[in-house]
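Each remark here refers to the structure printed beneath this line.
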Amino acid sequence: MKLVFPDISYKEKAIQFIDEFYAYHSDISGSGSLDKYLKKATYEEWLKKVAAGVDIANVLLPRVPELTYFYIRQEDDAIVGMINIRLALNDFLRKEGGHIGYCIRPTERTKHYATQMLNEALKVYDTLGISEVIVTCDKSNAASAKVIQNCGGKLEAELYSETYKEVIQRYLIKR
């Protein structure tokens, strides 16, 4: 398994990845807005957005610099998951969104990919010298909470989110 920066060669696989969420009537979060771009624009426009997120000096507020990766199974080059690694936090992210958003395609869940992927993302924060990482999930998402806990997350707070219309759990992972 490896984190791969998106490029045009993954276009069809990325579209199939998002389509699987729709086929399984599964929520999509942590895709770096790929699902939204595929509805309103194009994969190519999304690639520009991903590249712009890395341009730290020119990220426009309230956005924050971010890295978005596909999580690729090397044997078949399949996109198993996606992860969005935020390099800074604004007020909303500090409270409700956290440093990291991620998702695993529905047919690949319960195979420990999310824990592996989150651990890989945490290594990025180690490289950057960020020693406290906030990760959030819906309280109703016990699987995601378990992933965060498996990666060292300690529950810091629970709060009702007006944005998501549900209770959010905020975890802190100290490195």
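Taking a cutoff of 4.0 Å between a charged side-chain nitrogen and a carboxylate oxygen, Glu44 and Lys11 qualify as a salt bridge. The existence of a salt bridge linking Glu45 and Lys48 is confirmed by a sub-4.0 Å separation between a basic side-chain nitrogen and an acidic carboxylate oxygen. Of the charged side-chain nitrogens involved, none lies within less than 4.0 Å of a carboxylate oxygen, so that Arg175 and Glu132 do not count as a salt-bridged pair. We find that Lys123 and Asp126 are not joined by a salt bridge, their nearest charged nitrogen and carboxylate oxygen being 4.0 Å or further apart.
Taken together through direct or relayed side-chain contacts under 4.5 Å among Ile, Leu, Val, Met, Phe, Trp and Tyr, Ile130 and Val54 form part of one hydrophobic cluster. By the rule that hydrophobic residues join a cluster once side-chain heavy atoms approach within less than 4.5 Å of another member, Val59 and Phe5 end up as members of separate clusters. Leu87 and Ile134 end up in different hydrophobic clusters when Ile, Leu, Val, Met, Phe, Trp and Tyr side chains are linked at under 4.5 Å.
Formation of a donor-acceptor pair under 3.5 Å by the Asn90 side chain with backbone atoms of Pro62 is found in this model. Judged purely by atom type and a 3.5 angstrom limit, Arg170 has no side-chain atom pairing as donor or acceptor with the backbone of Gly98. Formation of a donor-acceptor pair under 3.5 Å by the Tyr102 side chain with backbone atoms of Ser31 is not found in this model. Counting only distance, with no hydrogens or angles, the side chain of Trp46 and the backbone of Gly32 share a donor-acceptor pair below 3.5 Å. Formation of a donor-acceptor pair under 3.5 Å by the Arg86 side chain with backbone atoms of Pro65 is not found in this model. Gln74 places a side-chain N or O within donor-acceptor distance of the main-chain N or O of Met1, the cut-off being under 3.5 Å. Side chain of Lys146 to main chain of Asn141: no donor-acceptor pair is present (N/O by atom type, distance under 3.5 Å, no hydrogens or angles).
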CA sep, side-chain torsions, deciding dist, call: Lys174, Leu172, side-chain contact (heavy atoms from CB on, under 4.5 Å): CA-CA 6 Å; Lys174 292 187 178 187; Leu172 184 62; 3.5 Å; yes

Run the side-chain contact (heavy atoms from CB on, under 4.5 Å) check on Tyr69 and Met117 step by step: do they pass? CA-CA 10 Å; Tyr69 291 101; Met117 184 172 63; over 6 Å; no

Take Lys2 and Val4 through the test side-chain contact (heavy atoms from CB on, under 4.5 Å) and record every step on the way to the result. CA-CA 6 Å; Lys2 66 179 179 177; Val4 174; 3.6 Å; yes

Using side-chain contact (heavy atoms from CB on, under 4.5 Å), reason through Thr107 and Tyr24 one step at a time and then give a plain yes or no. CA-CA 9 Å; Thr107 57; Tyr24 281 79; 3.2 Å; yes

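Between Leu89 and Arg94, the shortest heavy-atom distance links the atoms O-NH2, 3.0 Å. For the pair Ala88 and Val64, the tightest heavy-atom approach, listed with the atom from each and the gap, is O-CG2, 3.4 Å. For the pair Met82 and Leu34, the tightest heavy-atom approach, listed with the atom from each and the gap, is SD-CD2, 3.9 Å. Closest non-hydrogen pair, Ala121 versus Ile85, comes out as CB-CD1, 3.7 Å. Taking both residues in full, the closest heavy atoms of Cys103 and Ser29 are given as CB-O, 2.9 Å, listed atom of the first, atom of the second, then distance. Closest heavy-atom contact between Thr115 and Asn150: OG1-ND2, 3.9 Å.
Contact of the Asn84 side chain with the Ile100 side chain is not registered, since no non-hydrogen atoms from C-beta on lie closer than 4.5 Å. Leu93 places none of its side-chain heavy atoms less than 4.5 Å from the side chain of His99. When side chains are defined from C-beta on, Gln149 counts as touching Tyr171, because their heavy atoms get closer than 4.5 Å. At a threshold of 4.5 Å between non-hydrogen side-chain atoms, the residues Gln116 and Lys111 do not count as touching. For the pair Val167/Leu159, no side-chain contact is recorded, criterion being any heavy-atom separation below 4.5 Å from C-beta on. Ile168 has its side chain out of reach of Thr163: every pair of non-hydrogen atoms, C-beta onward, lies at least 4.5 Å apart. At least one side-chain heavy atom of Tyr71 sits under 4.5 Å from a side-chain heavy atom of Leu3. For the pair Glu166/Lys139, no side-chain contact is recorded, criterion being any heavy-atom separation below 4.5 Å from C-beta on.
Ring orientation note: the planes of Phe70 and Tyr43 are close to parallel, at an angle under 30° on the 30°/60° scale. Classified by interplanar angle (parallel below 30°, tilted 30° to 60°, perpendicular above 60°), the ring pair Phe17/Phe21 is perpendicular.
Residues Tyr10 and Asp77 bring a donor and an acceptor atom of their side chains to less than 3.5 Å of each other. A donor and an acceptor atom, one from each side chain of Tyr164 and Glu96, are nowhere located under 3.5 Å apart. In this structure, a donor-acceptor pair under 3.5 Å is present between the side chains of Asp7 and Ser9. With no hydrogens or angles considered, a side-chain donor-acceptor pair links Arg109 and Ser26 at under 3.5 Å.
For the atom pair CD1 of Ile148 and NZ of Lys154, the computed distance is 12.5 Å after rounding to the nearest 0.5 Å.
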